[in-house]
Structures are given as structure tokens and as C-alpha cells.
Amino acid sequence: MREALRGLTTRGRSFLAAAVASGLAAALLGEKDLLRVAVLLAVLPLLAVWNVGRTRYRLACGRTLEPRRVPVGTNARVTLRLQNLSRLPTGTMLLEDRLPYALGSRPRLVLERLGAQRSSSVAYTVRADVRGRYEIGPLVVRLTDPFGLCELTRGFPSVDRLTVIPRVVPLPRVRLAGEYAGAGESTARAVAVHGQDDTATREYREGDDLRRVHWRSTARIGELMVRREEQPWESRATIMLDTRAAGHRGEGPTASFEWAVSAVASVSSHLRQGGYRVRMVTDAGADIDASEPVGEGDILDHLAIARPSHGAGLAKLAEQARRHDMGGLVIGVFGLLTQPECELLGRLCGNGATRVAFLIDSSTWLSLPETSRTEADAAFEVGALAMLRVGWRVVRVRHGAKLATLWPQAGQGSQGFAWRAAMAETVTVTGGQS
Amino acid sequence: MTGAGTAASSRAGRRSRIPLGYQQRHLTITAACATLLAALPLMTVFARWTWLVSAVLTIGVLCGVATLARSARLPLWAPTLAMAIAMPIVLAPQFPSQGELAGFIPTGETFRHFNELLLTAGKDMRRLSSPVADRESLLFLSAFGLASVAIIVDLCAVVLRRPAMAGLPMLAVYSVPVAIERDSVNMVPFALGALGFLWLLVVDSIDRVRRFGRRFSGDGRDIDLWEPSPLAAAGQRLGLVGVVLALVVPLTVPGMTVGLLERFGGVDGIGRSGVGGSGSGVQITAMLSGNLNRDRRFDMLKVQTNDPNPYYLRFAMADRLTPKGFTQGAVSGGRPVTSAPPAPTDAPGKKRSTYHASVEVVDLKSAYLPVYQYPTRFERIDRSWWYEPNASVVYSTKRQTSQKKRYSFEYARVDYDPAALRSAGAVLDSDPATRNTRYTPNVPEVKRLTERLTAGHTTEYDKVTAIFNHFSSDNGFRYALSTKPAEGGDDDIVNFLKTKQGYCVQYSAAMSWMVRAAGFPSRVAFGFTRGTAVAGQVATLTNHNLHAWTEVYFPGFGWVPFDPTPASSVSGSANPQWAPNPSRTQDERAPSSAAPSATAAPSSSANGSPGANQPDQHGGSGSAGSRSTTPASQWPFWAGLGLLAVLATLSVPALARRATRRGRLRSRDWPATAQAPPGGGDPGARAAGAGEPAVVGDPESSRALAHAVWAELLDTMTDFGIRIDQTETPRATAARLANGLPGGSAVLESARLLGQTEERARYARSPSPPADMVVALTAIRKAIRARATRRARVKALLMPPSVLLRWRAGLTATTGVITSSLVERGEAIARMVSVRRLLRRTARERVDARG
């Protein structure tokens, strides 16, 4: 009740004040008719307080997000489920779910009446155009009286998180190095495919080949054990994301950085569908090893909140990638690179693993005058050639390019002509120097 | 028990689905209706209902204008402007000045006319008493004021969205009758006005809630715009409770007829007390003429006195003379009635005798109490009434009225000897009695007439008698009520002297004027004639006994009454020996009972001679205590009655509970006729009913009985606060109940029996025979009661939650149904008369016609 008294609105308070004033006037003038007005004005807020505060509503509120992880630009559905645990029907409740403004305006709902021990659900959709992690909630319930004299605000502290992940585009199936199966043009198959002996054993069963008896275990356990024949082969891939702010251009959802993030998301999803064990490394220090079965989510969640980093260099990225090197395919999405950076990257995974670099010509995200354009193109070409020279496959990404159309290039072999051209240039250059 | 659905999903924050125009129109109409309701207190001011017709018309048109303007989606301020412009257009045909274009377009002439009407209204307010007749000026004032209030309310509620502020103009309307009426204003119009205000609040608040967001109901359904909100039902309940409290609480507050300001601040009561006299719109002459002219005769006073020949009962006097007649001046000064008034001075030729009188006011609303001249002591009048000895009136300093007052007083009746009056000295200017009472307007005709009449007389008494006798019917004066009363023309009294046709007000005013013209102080007194009074009996005075007469000041004698009105036209007129009625025939003129010696008491000090018929006299001073003498004898009765009423109210739930129980356990025909149990009767049931023959009625009644007993058991559990789980089977409920109860196996068995019977009644093809379920129920009830705390027992007995819950549910449902039906009907009407729909239809018709 005291709480409800504190919940008197301005109107309620002024009613009380007016009641006191008219009550005084009635007493001073000796007018009973004025006293009626005073009593009415005094009684109304009190009745309202009683009406609002008489029941300690026991409400349970649950919120479900479906899905909890949505790509940019798609809708997520939020279902609020309210349950009245008390034995009295509730009055009218004004519900407002607190949302960050990026998710749109706050949903406001009016629950007219919730019967005793009943529950009700209401759903609304949210949509975010910027990736990130958003808090939904807390739900604020306002109880009000019919005259607008008293208003109680109660919050449900529970908060749910909605992760808005970068857009994931389906990629065409392309045979890549690092797959465990089949013979392709991948020359580094034997090296790229890793695995280890599975020492798992099981009991001998009728019909097992005696040759498969694992004598060492048999000796240890005391009964016949056989080796399990299955040899899990794993495809592994490391995806590197270059988050240097210096390497990217543009602002907001159309920045080249967003393209990079979206590309990493798409590639990692694609590879995971292809059975790869995917590891993602960024120069901001993230190193996510996506193991079964929630791994993909981890990568996407991290990508959802990835921000361009300042200060970190590619050295960090290279070191990060090298630290827990597990071999296999290496795919990098890079912004603008300088020659030293390329060489830094060249030292990475020197053991002949397939390395694909999506080089983003982020200067094309800006509209530049002609001369600057030429310069920028030239600078980019230098970087690309440098990458080629240090043994990366280079896929050039310009503004407006679709990852799905670029992806097949990642599967192409050593890019004969371009590679040779790069090599030739090296020769020329060396020649020139000599 | 979980009803869940999912409201259709929508884009978050889809908020303003309600068309703005709709809610504004709705609010507009509500504001207009609330204004009309708030105007109802004015009904106590007007005698007839013409003002309401005018108000409905005016406010209705203004509301229509605002609705149209809002339908047209004009800017926010436009409807208010439109209303302001429409106001003179509506008022012009109702109060025409003949200068309007086409009968309704106001011109400068119209506004001049309005101005005149307002000025006249100001005068009328000062002159007329409430309830007033239909005067154009006052009707205009009310229509104009209400139209202004309607515009302000509309501005506050619809434009500014601050409906609470709209209460102020409504309060202003309410304060009009509060200020005018001396006693409490009728509570019905207050209640209606308050409800109108609350209605406006609720509509606005619900609209606010609606616009907060998407509405959905408890079962997850989206709620349409047209559907009523349960808030409306709650609003109705709370509003009703609030209004009832507002009506009841002031009744319980004692006193309050006296303002604190006056109680503590007004030591001498001077200055403030004038308000009680003439300022409140009560004009004595208007009241007199109104009441005398009324065909219906009604009782106003009941008087009882032991005086065999009293003079007139007197309650007011007028001493301000204008060419229009006499008006009351403000009465002030004097002393509270609790202190004994000064006794009239003795003088040779003045015979003073003390009598006692008691008065019961039946129907007289006045700031003055009717008393005889020269009261010497008052009883049963509280100290808020003051007595002013010069004017000789008892008036209220605290805005009380004489209505329904009962009081008694002692007074000194003075008879004057004509010979002694002749010896009265000259009037001195320093005499306080001459204040205001000698002024005459400069009308030469009256002056000349007076000079002609008084020529040849020397003493004051002779001159006054000469003037007095001029009003004889011999001189052609005729009593007639039919002439226009004094409120009419400017020179009313001069007219009367010419036409010689009038009634007591004109007679007395004319005589006073002429006496003043002759140079002596005089004034007009108002009161009642004696009616058909016999000493010692109760005389009932009606409105036809109202009277006015002249009082002339004689130095040394005081104010001596003269009644120039023809005695034949006034029932119960007095005929004292110093002023025999000029219109009486000669034999009548001999004073009939003028000799007071028979009953004359020795003129001793008034306080020293308590009358024989003063049983409850409280020793000279304490009238504060004496006020409560009458209630004191009655309060045990009322208190007892109140106590009874409270007890009766309190026992209603208990009685209802009892009635429910008895109805359940008795109305089912207890199958007394033993029938052979059907083949294969349940052995368990038979065992339970051991000791009694297994009786079985027809299966339906057994089923009904089982259900009734079970319902009773559930209610009992509710009463004692035992949780009821609707999802539990009867068997489980019974087991749970029995577990917590004392009383051993008997109770356990009873509970099991009840549970089983109910189970069978619900699900089995043949219910178990009703055995002695009632006995089992009684046992369980006893066990439950034994376990409960004393408080729970009392609660279950007096305020059984089961009954209260049922009532509450019923109340909620009923108000909900009523509200929704009302709202639906309202919406249907609103849609039917919707301007846009009409427009669209005409547009469609036009298209059709063209096609």
C-alpha cells in the first residue's frame, strides 16, 4: 500500500493537494457542500491506490527468442509469456519490453486482464540491421487505475540476449584442399589431412577378425579386446580475419569490414557443413576452435560482436594463427596489405598447406578521384602480388563482389597464369636489381 | 487451468492503431456530456427547467461544431476557435435582439443586447431570491456561462489532454448554488456532476491506456479498438464508491455549519455578518410578493405563545429608501443571543409585559429568525445567531438559515398609550436610531402630499396618525396583490400613492416614506401576522401570513409599529390602541383586546421571572449546552438503530453462507423413501452407510446431492483457507483434507466417503446411494473448525471467503456486462451518426447518381 501511495501520479498528487485545499476552505467557510468536493478529491486517489496496490500480483514472466541468433536484416520473434500465480485476476497492465533502439521501437502492450492462475502469451518481432549482441528486457509492467491517479511500475529483471550475426550466404560446393576424401587436384592432400590412430578398443564379439585383436589391452584387461577399425579423418581449416581498422574502409553496415565479417561467417558455415573442423583467428586476439556441436555458434557469436581493432597488427594475427596451428586449410580475409605484412603472412604455415587469401581492395569502397584510384589500385596490386609470391592463393575482392561468385576461385589450383606472372615479375625485378 | 494463446505477432511498437480523430470525437462528446452533468447543480437556483433546455441546446451545438471540426482534421486549435465563434451564433436566436442577420448571425446589436442582458442579470442576482423564475437575463447568464464552461472543458480535456483541469470550471458551476443557497445544496446534482467529471477522467485514462500499445486479453487474443476495457468497469465501481463516500462522509461530520474563520476570527461579527442579510440574493420584498402571490398555501411557522394579544412576529426590517422602495441594509453589530438583550427602557405610557413564545420554523429560508419585538432571552439558539437591538432582528453570522429551527424566547410586549406618545420629544440627530432612517429621495409629489396631510398637527404622533389614516379605504386605497410588485418600475411607491392600489409592502413603504418626509425616522418591518392564534395554542402561520408594516421612531419610546394595510385584507392583523387600523369601520376600530392588564405580569427584570412553561431552561447563560437537549433524548435511539443497521450489514455474508448451505443440503429431496438398492450395490458405500438402510433415490437426485455436498465441502475449505486445487481428483482432495485433520479414523472415513461419492457421482454410471453424506460433512466441518484458529473460525462465520469471492465475481461480471453493453451501444450510435460515414454515403450516392 505504501508503495502504491508512492506511485501516485502528478494527477493523483494534485488531487490530494486540491482535497486538502478545499477541505480547509470548507472548514473555514463552514460549507458542507465544499466538503463533499474535498472528500471526493481525497477519496479518489486513495481508492485508486487501493485498487492498484491491493493485490500483490504474483506474476511470472518468461521470454523466448526464436531464433536466438538471427542474421542481419531478418526477424526474430519474441514471445512473452505471463502467468498470474495469484488467485485474483489482475487489472489492466501496461507492458513495455526494454529494447535497444537498434532493434526498433519498444514494444508496448496492454494486457487487459489476466484471470486467476492463467497465463497468456504475446509475441512481437524485432529486426536488426546491425549485427551485434542485444539485450532484450527487462520487462517493465505498469499497473494503472481507471482514473490515471496511481501508477505502479514493476520490473522483471530477466534479460535475454539476441545475437544478430552477419549475413551468411550459401556458397557453392567447391573441392578444396584440406578435405580428407577423394583425390583431387590438391597436391597437399596427404599433408593437409590429419588424423591420429584411434586407440579405442571394444570387447571381442563373435565374428571379429582375430587379426584385429588388440593384444595390449587384452593383456591389461584380461579378456579379448579388439581394435576399432574406424579411423576418423578430419578436415581442418583455419580462418583468419583481419580486423585492423587500417585495412578497411567505409562506415557502418556497408563498410568493407562488414563484407569481411560476412565472408568469414559464410565460409566458416560452409566449411562446417562440409565437415571441417574450423578454427577462427583474428588479430584482436580471438581464437575460436569450433568443436562439435556448438562451435559454429561460437564463431558466429564472436563475429556478431567483432569490431575493427586499432593498434593490433598482422603480426599478432600471424602469431595467433601459428600458436595452435593444427594444419589444414588456411583461409584468410584481409584488408589492404603492405609488403612486409605479406611476408609476415608468408612465414605462416610454410609446410605446403593450402592458403587462400581473400584480399579486399577496400579502397574501392570509397569513391576516389582518378589519380588516387590508380595509385590505390597499384598499391593493392603490389600487396596481391606479394601474397602470391609468398605462396597464398589470392582472390581479389572489389566493392560489390559476391562471395558466392568468388568462392570457386578459392578452389582453383595454383592459379597458373597469375602465379607465373607474379613469379616472372619477381624475376624481372631481381634482374633489374642485379 | 492454463489458458494460453498467442496473440498474432506484429511489428514491434505498432502503437497508434487508433485513429486520432475517433478518440478525439469520443472525448469531445464525453466532455460535453460531463459539462451538462456538472451544470445540473444549477437546478436549485432556477425554479423551472428552461435553463436546462437552453443549456442542452447550446452545449449540444457547440459539441457538434467541435466534432465536425475534428472530423475535418483541422489543426488542433481550430475546434476551440470554432466553438468560440459558434457560441454567439447559438445564443443569438435564443436571446434575440431583433438585430440579427437572418435571425441568427450576430451583429453589433446582438452583442449590445448580450451586454445589456449581462448587466441586467447582475442586478437581478442582487434582487431576486432563489429559486428564480425564468428571466431572460438569468437564462442568458446561465447559457452563456455554461457555454464558456463547455469550451474550457473541451479545451482542457481534448486539446490539452488534461481532463483533471476540466474539474475547475465544473467546480465553478457547482459553487454558484453553493454560494447562493444558505443551506446544503441538494446532493443528487452534485453526485451527477461528480460522476460526469469522473466519466471524463476515465474516458481519458482509458484512451491513454489504449494508445499505450497493442491490447490483448488474458487468453492471448488481440483486442479490437471497439471493445470495452475492463478498466471502465473498475472505473465505474471506484467512481460510485468515491461519490457515495463524498456524499456520506460530510453527513457524518458534525457541525460544519459554522466556519472556523468566523468562529475564531470574528469576535464581534461586524462586517462579515452583513453577508448574511442581503448579499445572498434573498430580497425580502421579492420573497414577500412571491409567497403572497402563490396560490398554494403552505405552512411556514408554528408559533406558541402565552400572550393573549401579541403583535406581529417580526424577522427583518428595511431602512434603505430609494425611489424604487425600501431595501434592506446590512445588519451588523449586536451581541450573540446567548447574552441577554437589553430590556426596553421604561417610560411613562409604555406598558411592558413579559411573555414566552416558542417557534418552530417549518419552511422559511432566511438569515433571520422570526421573533417578537423586544426579546429578552433566547433559548435553544446557538451563539452563531446574534441579536441587534436597534434593528431588533436576530440574524445569523454564520450563513445558517432559519429552516427547520426550533427555538423559544421570552419577550416584552410593549403597549403604548397614545397620550404618552403625543408627549414624545423631538428627534435628536445624535440618536443612533436615526441613522439611515430619515433619508428620503427628492420626489416633490410625496413631499407635497405629506405637507398637506400633516398641516395643522404639531406633535409627532398626530402627524404620523394623520399620514397613517390617509391609507384608509375611505380615501380610495384598495388592497390588491395583482399590481406589479415592488421590483417593477422606478417610482413604484409614487405610483401606489396615485393608483391607491397595492398590498402590504407598498402600504408600509409609502407610509414610511411619508413619515420620513414629515421628518421622523421610520422603516419597514417584515414578518408574519398573527394568523388565527389563541393564547397558549399553537398557531400555524402560512405564506399568506407574511406581512410588512411601518415602524416609526418615537424618542423615549423606541420603534412603534403602525400597520397601514387594510385589516380586512390581512388575516390576523393586530389593531393596537395607538394605531387603530385606518380601514376599519368605526365599531371595529375600538380595540378588541387591547387591554393587556389581564395577563400583564409585573414588569420586573426579564431574567428574574422564568415562565411557567420553560421546562428545560439551562440557567441564564448556557445555550451552547442547550443546543443538544433535543438530540440528547434521541441519540440512544439513533445509536441503537445505527448499531442494528451495522450488525445487520455485517451479518449479511454469514446469513448468505448459511442460506447457501441449507439450500444445498435441504432442497435436494433427501431420498427418504427407502428403495431396494439396485443389484450389485457398491459394498463400500453400503459399508460406509453402516447402521442405516442404504437408501437410494433416483440416480439424478443422488448425483445432485453428491455434487451439492461436495460443493459445500469445497466452500467450507475455502472459508477456512484450505487450498483447493481444481486439478485434483475428489479422492485426492479428500485424502489431503483428511490427512491434516484431527479426529482419527471417523473423520478419515467421512472424508473418504465424501470423496468417493463425489467421484462416483461424477464418473460412474450409477452414483452411490447418498448414505449419510450430510453426517459425514458435518463431522468434517467440525474437524476443520476444531483445527482452525479462533480468528479463522470467526472469519469463516462472519466473512466467509467463499461468499465474498462469489459476490466479487458476480459484481465484476455484472458491471463488466453492463459496461460493455453500454459502451457497445454508445459506439453503435457514434458510428451511426459518424459524420464521415454520412459524408461517404452522400458521396457514394452522388457517384451512383452520376453513373
Side-chain angles (χ1 to χ4, degrees), chain A residues 11 14-15 18 22 26-37 39-40 43-44 47-48 51 77-79 81 83-84 89-92 94-97 99 103-127 144-149, chain B residues 1-13 15 164 171 174-175 178 184-185 187 190 194 198 201-202 204-206 208-210 212-220 223 229-232 234-235 238-239 241-243 245-247 249-250 253 256-262 398-399 812:
Chain A
R11 186 188 287 184
S14 24
F15 264 50
S22 51
L28 288 179
L29 298 176
E31 282 287 0
K32 260 193 186 179
D33 303 316
L34 216 50
L35 193 63
R36 282 181 197 157
V37 177
V39 171
L40 183 69
V43 157
L44 273 183
L47 279 176
N51 183 44
R77 188 182 163 91
V78 183
T79 308
R81 187 183 166 80
Q83 196 175 6
N84 180 11
T90 67
T92 298
L94 312 180
L95 313 174
E96 182 177 317
D97 221 356
L99 286 186
L103 291 186
S105 49
R106 295 175 171 177
R108 299 175 126 195
L109 305 161
V110 179
L111 178 54
E112 292 279 346
R113 184 187 161 82
L114 191 55
Q117 301 185 343
R118 292 175 77 89
S119 68
S120 179
S121 316
V122 64
Y124 61 90
T125 52
V126 292
R127 177 191 161 104
T144 183
D145 74 297
F147 303 108
L149 298 172
Chain B
M1 285 310 286
T2 309
T6 303
S9 73
S10 76
R11 181 83 180 87
R15 172 165 324 171
L171 186 63
Y174 176 63
S175 68
V178 169
S184 204
V185 178
M187 54 171 69
F190 167 77
L198 296 186
L201 277 187
V202 169
D204 174 77
S205 181
I206 287 178
R208 209 168 41 82
V209 167
R210 275 183 178 158
F212 179 82
R214 195 158 55 100
R215 298 198 297 153
F216 67 106
S217 68
D219 42 11
I223 290 180
S229 161
L231 268 185
L238 291 187
V241 171
V243 169
L245 279 178
L247 293 183
V249 170
V253 176
M256 272 303 281
T257 48
V258 178
L260 290 177
L261 207 60
E262 292 161 6
K398 320 286 186 193
R399 300 174 57 78
T812 313

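Side-chain atoms are counted along with the backbone in the values below, which use heavy atoms only and exclude waters and symmetry mates. First the proteins, then the strands, lettered A, B, ... as listed; each starts at 1.
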Starting at CZ of R11(A), measure out to CG of D204(B) and round the result to the nearest 0.5 Å.
5.0 Å
Nearest 0.5 angstrom please: S205(B) OG to D145(A) CG, how far?
6.0 Å
Does V209(B) have any side chain to side chain contact (heavy atoms under 4.5 Å, CB included) partners at least two apart in sequence or in another chain, and if so, which?
T92(A), L94(A), V110(A), T144(A), L231(B)
Determine the option with the most heavy-atom pairs under 4.5 angstrom with chain B, choosing from L44(A), L34(A), V43(A), L40(A).
L40(A)
In terms of heavy-atom pairs under 4.5 Å with chain B, which of L109(A), L47(A), D97(A) leads?
L109(A)
Heavy-atom contact with chain A under 4.5 Å, split by part of [X]:
{"X": "V243(B)", "value": "both"}
{"X": "L198(B)", "value": "both"}
{"X": "T812(B)", "value": "side chain"}

Chain A interface, residue from I206(B), L171(B), V249(B), L238(B) that has the most non-hydrogen pairs under 4.5 Å:
L238(B)
Could you pull out the closest heavy-atom pair between R208(B) and G148(A), with the gap in Å?
NH2-CA, 3.6 Å
What closest approach, in Å, do F212(B) and L95(A) show between heavy atoms, and which atom pair accounts for it?
CE2-O, 3.2 Å
Report yes if some heavy atom in the side chain of F15(A) is under 4.5 Å from a heavy atom in the side chain of L201(B); otherwise report no.
yes
Mind checking whether V202(B) and F147(A) have side chains closer than 4.5 Å, heavy atoms only?
yes
In terms of heavy-atom proximity below 4.5 Å to chain B, should L149(A) be classed as side chain, backbone, both, or neither?
neither
V37(A) backbone acceptor or donor facing Y174(B) side chain under 3.5 Å:
no
